[in-house]
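Note that ligands are numbered from 1 as they come in the structure, with each ligand's atoms numbered from 1 the same way.
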Amino acid sequence: FLEANDTKMSFLFAWTLLGLLVCCDVGECRRRNVLLIIGTPHLRALSERSVIFKNAFTSVSSCSPSRSTILTGLPQHQNGMYGLHQGVHHFNSFDGVRSLPLLLKQANIHTGIIGKKHVGPGPVYPFDFAYTEETNSVLQVGRNITKIKLPTEEERPFFLYVAFHDPHRCGHSQPQYGVFCEKFGNGESGMGRIPDWKPKYYSPDQVKVISSYLTRYHTLSLTHLQRGRILRPNTRRSAGIGLVLQELWDAGFENDTLVIYSSDNGIPFPNGRTNLYGSGMKEPMLVSSPEHRQRWGQVSQAYVSLLDITPTILDWFSLPYPSYSLSGGRPIELTGRSLLPALIPEPSWVTVYASQSLHEVTMFYPMRTIHQGRYRLLHNMHYRMPFPIDQDFYVSPTFQDLLNRTQSGQPTGWFKTLNEYYYRERWELFDIQSDPTERRNLAGDPAYAPVLESLRDQLLKWQWQTEDLWVCEPDAVLETKPEPQCRLLYNGL
Ligand SMILES: *[C@@H]1O[C@H](CO)[C@@H](O)[C@H](O)[C@H]1NC(C)=O
Ligand SMILES: *[C@@H]1O[C@H](CO)[C@@H](O)[C@H](O)[C@H]1NC(C)=O
Ligand SMILES: *[C@@H]1O[C@H](CO)[C@@H](O)[C@H](O)[C@H]1NC(C)=O
């Protein structure tokens, strides 16, 4: 299962393919567009035209940091978007980052964004067409699917990023529309109407469809009502995706547009969003290329991550990643890879990395992880601190239930106590194959010492490669002169 050269080999592969694509002269090249959809699926029509990546993961389980990695190809610790972008949180990517929309704009590709943006600063993420929460209500741009349509026709090739806000929790900001904004636009009094959406209601026995997914990672009981509440905004989003694809097809772009569908972070439940366990990291990922029909409808087991989206889209447009440095040191290298080669034969990609530092500005809890084959290793650097809880998750019925039960001395009904959720081991090693819910930490088991060591080495290597300032944490300090090295603190960790 251990394939240390995995990344390098696939890069070679990607660049070989790139070489082939560049062979046609500009004038002879077919027009190529990209539609990138961020949301969650009921997507039969699209999946029949896609390779479906079963092992797709985010590289950080938090909104702005994740979107920044999608749009830069750089992990959050490298592009600077350590936490949420909006309001007092105010996180931004570094001014020198060359993002995907910037590189595409420089290559004369028309760029557009519809829906939730949630990244900055503006000059790092320039879009020619923008219809986002920066100038409109996020409910209108991210949840009103009638507003999520292709912008006007353009002669140039285009890159359109469509970002749904469903089914983000709503309880903390717009409680009048329900826990997941499931009532918004349903036509009831005060809820408004969305002309293109007919809300679907589910009876508890229909909801079994997703309960198996949820129970796999969240044995914490959910009320039937709550399950229905998650599903309704999902139908709104599905309808929206259908609309956008129909418009794309009606406009005659079906044979020249790469469509990528994914999501940005984990489900907002315990162990989910803001965590780097499987339930915080797993994503849908469909890649539909009209030029690679060989594997349409097939499932790929290759390990892919949201860090792969930027390299994929650059590859599609035959654009190289520029040589530049953010630190004044050596040039940046993307550690993700183009997914286009995986649309031809099945690749043997078995490794992904992830990195989280904050979510809200108060929620500092740096974690790094490598997931390779059947094993996931987590490094919880500040493991002596309680795991931080975000505002909208705090007010969720699920977390309130956890708190209430704990306070009154009842069992949580989940496989973790609240205390176990807060206080983690420094190293967590899980065998996903025999323990998919990640309950047994094998890090202290001598039988797994070689696995632990190998994964730890690879994780550290990736941290150095991506210029991670946390690379020496928590027991040493990174000193950059005369050359970067970890200087021990002797702090007993
Ligand atoms: C959604 O957008 C449409 C088109 O602009 C508008 O007619 C409708 O009122 C909006 N729905 C809601 C719930 O705001
Ligand atoms: C796209 O290609 C398919 C298969 O070659 C063809 O049937 C279809 O008409 C094409 N669509 C457009 C809009 O050109
Ligand atoms: C938790 O307890 C508070 C205070 O007793 C109560 O208002 C709330 O409804 C309870 N929440 C849940 C989810 O049980």
Review point. Right, does atom 7 (O) of ligand 2 have protein non-hydrogen atoms nearer than 4.0 Å?
Key: no

**Study point:** atom 14 (O) of ligand 2 protein-contacted, heavy-atom criterion under 4.0 angstrom
**Key:**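 Within 4.0 Å of atom 14 (O) of ligand 2, protein heavy atoms are found.
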
Short list, please: which atoms of ligand 1 are under 4.0 Å from a heavy atom of [X]?
X	result
N144	1 (C), 2 (O), 3 (C), 8 (C), 10 (C), 11 (N), 12 (C), 14 (O)
R193	8 (C), 9 (O), 10 (C), 11 (N), 12 (C), 13 (C)
Q140	1 (C), 2 (O), 10 (C), 12 (C), 14 (O)
G185	13 (C)
K147	2 (O), 5 (O)

[Y] and [X] aromatic ring geometry - parallel, tilted or perpendicular at 30°/60° bounds:
X	Y	answer
F57	Y303	tilted
H292	W316	tilted
F399	F393	tilted

Exercise for review: Using a cut-off of 6.0 Å, state whether more than 12 heavy atoms not belonging to R293 lie near its atom CZ.
Suggested key: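 Enclosed: over 12 neighbouring heavy atoms sit under 6.0 Å from CZ of R293.
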
Review point. Salt bridge check: are D264 and K116 linked by an N-O gap of less than 4.0 Å?
Key: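 Judged by the 4.0 Å cut-off on N to carboxylate O distance, D264 and K116 do not form a salt bridge.
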
Review point. Who's the nearest protein heavy-atom neighbour of atom 4 (C) of ligand 1, and how far?
Key: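 Residue, atom and distance for the closest contact: T146 CG2, 3.8 Å.
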
Check your understanding: How far is atom 12 (C) of ligand 2 from its nearest protein heavy atom, and which residue and atom name does that atom have?
Key ->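 Nearest neighbour among protein heavy atoms for atom 12 (C) of ligand 2, to 0.1 Å: N255 ND2, 3.3 Å.
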
Point to revise | Residue R293 vicinity, atoms of ligand 2 by number, heavy atom under 4.0 Å | key: 2 (O), 4 (C)

Check your understanding: Just by distance, with hydrogens left out, do N79 and S93 show a side-chain donor and acceptor under 3.5 Å apart?
Key -> yes

Study note, to complete from the structure: Smallest heavy-atom separation, Q76 atom then T69 atom, equals N-CG2, 3.6 Å

